[in-house]
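Worksheet: the structure to be examined is printed underneath.
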Amino acid sequence: MNNTVPYNMVETTTYTLIDGRKVSSDIKDEISQKVALRKQQGKKIPHLAIILVGDDGASQTYVDNKVKACKSVGFHYTMMRFADTISEEKLMKHIDHVNNDDDVDGFIVQLPLPDHISVERITEKIRSDKDVDGFTNHNFGSIISKNPLLMPATPFGVLELLRRYNIETEGKHAVVVGASRITGAPLSMMLAEQGHATVTICHKYTNDLASYTRLADILLVAVGKPGLITEDMVKEGAVVIDIGTTRVEGPQYAKGWAIKGDVDFKNVSKKVSYITPVPGGVGPMTIASLLLNTLKATESRNP
């Protein structure tokens with residue numbers, strides 16, 4: 001039985017599959033139109049700069065996808081690659097150069113970084129008004145303000161998925177499993193501040209996790225532990241957002257590996273109202289959010 005229903009369809013006899021690829025494509029189309037209009041009006045075209053340190057295969061793939069996305073919406077981009085032997089001091093100087101380049105609107109340093117380089121120091125070195133990943137303390141802190149700045153890309157993408165599928169968050173009980181600085185922590189704050197949800201946040205120290213997840217109207221999981229959430233841990237009719245992505249290897253997979261989420265999709269999907277797949281759910285939305293942040297950064301300085 002095919003449980004997939006058309007995008008943005010609210011009612012279904014089983015569940016609605018939240019199609020991140022479709023929503024991401026829609027967002028890119030919307031951005032493309034805005035960029036084309038800016039070009040027609042003689043306004044500045046958004047410019048994203050990317051720094052990649054080392055030759056990590058996964059990072060290279062992520063960066064390639066970001067460059068491809070920039071091309072698809074008409075952004076300018078600058079790609080800078082450095083060996084993993086670069087010193088923290090030299091990397092800082094390159095960041096200063098990009099910070100001072102008035103033509104660059106958005107700027108990211110692809111993570112992870114080599115062990116000898118401090119992620120915290122590098123992140124805070126990026127100008128907050130160019131920090132389109134939303135990682136700096138300035139942007140992170142703005143989550144709880146009435147005028148949030150550049151939002152962390154993955155949580156931003158999650159909220160956009162909920163919004164575009166008309167999933168109500170106000171007054172709902174949202175349970176976030178995972179408390180990372182990049183995803184779980186900001187997502188919980190955004191759900192409370194912008195989504196007006198009642199939020200419970202769980203993490204690796206939480207005892208009896210299932211007793212919390214069963215109470216969730218909206219369950220959001222970002223741990224990186226394949227199959228963590230099983231059918232018995234989910235309330236009937238809940239909305240489930242699977243943010244986890246883990247590469248699992250094995251001879252049973254055609255490629256020798258597969259990307260798995262934190263949710264046992266096959267069984268959990270039997271009792272929910274909405275659910276994201278992995279891959280194809282939250283993943284594509286992270287890059288879409290990065291593009292939205294870059295456009296916002298451009299518009300704020302060059303209306």
Side-chain angles (χ1 to χ4, degrees), residues 27-28 31-56 59-114 116-142 147-154 156-157 182 286-303:
I27 290 172
K28 289 175 186 175
I31 293 173
S32 294
Q33 292 172 21
K34 291 181 179 179
V35 172
L37 181 59
R38 289 184 68 85
K39 187 174 183 179
Q40 182 183 350
Q41 295 173 338
K43 295 181 178 180
K44 188 179 184 305
I45 303 302
H47 182 174
L48 176 66
I50 305 169
I51 283 183
L52 175 63
V53 180
D55 56 2
D56 178 77
S59 292
Q60 181 63 64
T61 299
Y62 294 144
V63 165
D64 288 346
N65 287 337
K66 289 167 184 175
V67 168
K68 182 179 178 181
C70 284
K71 291 179 179 178
S72 73
V73 298
F75 282 8
H76 296 156
Y77 68 91
T78 297
M79 181 71 228
M80 292 168 283
R81 303 171 190 268
F82 302 103
D84 57 11
T85 54
I86 189 173
S87 69
E88 184 174 283
E89 182 182 4
K90 285 187 177 179
L91 184 57
M92 290 278 200
K93 289 181 179 178
H94 286 292
I95 291 174
D96 277 336
H97 176 75
V98 179
N99 280 339
N100 295 326
D101 185 343
D102 290 337
D103 192 56
V104 173
D105 304 294
F107 179 27
I108 65 170
V109 177
Q110 182 65 44
L111 302 180
L113 291 169
H116 67 280
I117 297 176
S118 166
V119 172
E120 291 75 19
R121 283 197 290 271
I122 292 301
T123 297
E124 283 305 305
K125 190 69 171 174
I126 298 171
R127 262 177 52 175
S128 60
D129 61 336
K130 295 188 178 189
D131 167 38
V132 291
D133 262 334
F135 287 166
T136 61
N137 288 334
H138 187 66
N139 286 328
F140 189 91
S142 79
N147 297 295
L149 302 173
L150 298 174
M151 295 289 90
T154 298
F156 183 13
I182 293 175
T286 299
I287 291 181
S289 300
L290 184 74
L291 297 176
L292 284 170
N293 274 343
T294 303
L295 178 62
K296 180 178 180 179
T298 306
E299 291 174 338
S300 67
R301 285 191 299 275
N302 301 274

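Values reported hereafter were calculated over all heavy atoms of this structure, with side chains retained and with hydrogens, waters and symmetry mates removed.
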Given the rule in the side chain to side chain contact (heavy atoms under 4.5 Å, CB included) test, do Val67 and Lys71 qualify, once you have shown the distances and angles that lead to the verdict? CA-CA 6 Å; Val67 168; Lys71 291 179 179 178; 3.9 Å; yes

Please walk me through it: do His76 and Cys70 pass side chain to side chain contact (heavy atoms under 4.5 Å, CB included)? CA-CA 7 Å; His76 296 156; Cys70 284; over 6 Å; no

Can you check side chain to side chain contact (heavy atoms under 4.5 Å, CB included) on Val109 and Phe135, steps first, answer last? CA-CA 10 Å; Val109 177; Phe135 287 166; over 6 Å; no

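Residues Met79 and Lys66 form no side-chain contact, since every pair of their non-hydrogen atoms from C-beta on lies 4.5 Å or further apart. At a threshold of 4.5 Å between non-hydrogen side-chain atoms, the residues Met92 and Ser87 do not count as touching. Looking at heavy atoms from C-beta onward, Leu150 lies out of side-chain contact with Phe156 at the 4.5 angstrom threshold.
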Throw together a table of side-chain donor-acceptor distances under 3.5 angstrom for residues 44-54, partners on residues two or more places apart or in other chains.
unit_1, atom_1, unit_2, atom_2, d
Lys44, NZ, Asp103, O, 2.8
Lys44, NZ, Asp105, OD1, 3.4
Lys44, NZ, Asp105, OD2, 2.6
His47, ND1, Asp103, O, 3.2
His47, ND1, Asp103, OD2, 2.8
His47, NE2, Thr78, OG1, 2.7

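Among residues two or more places apart in sequence or in another chain, the side chain to side chain donor-acceptor pair (under 3.5 Å) test is passed with Asp131 by Thr136, Asn139. Not counting sequence neighbours, Lys28 has no partner by the side chain to side chain donor-acceptor pair (under 3.5 Å) test. Listed by chain and residue number, Asp56 satisfy the side chain to side chain donor-acceptor pair (under 3.5 Å) test with Ser59 (two or more places apart in sequence, or in another chain). For the side chain to side chain donor-acceptor pair (under 3.5 Å) test, residues two or more places apart in sequence or in another chain that qualify with Asp64 are Gln60.
Counting only residues at least two apart or in different chains, salt bridge (charged side-chain N to carboxylate O under 4.0 Å, His left out) contacts with residues 119-128 comprise Glu88-Arg121, Asp96-Lys125, Arg127-Asp129.
Nearest heavy atoms, Ala69 versus Ile287: CB-CG2, 3.5 Å.
Counting non-hydrogen atoms of other residues, nucleotides and ligands closer than 6.0 Å to NZ of Lys296 gives a total above 12. Shown here is Gln41, whose CD atom has more than 12 heavy atoms of other residues, nucleotides or ligands within 6.0 Å.
With values rounded to the nearest 0.5 angstrom, Leu111 atom CG is found 6.0 Å from Thr123 atom OG1.
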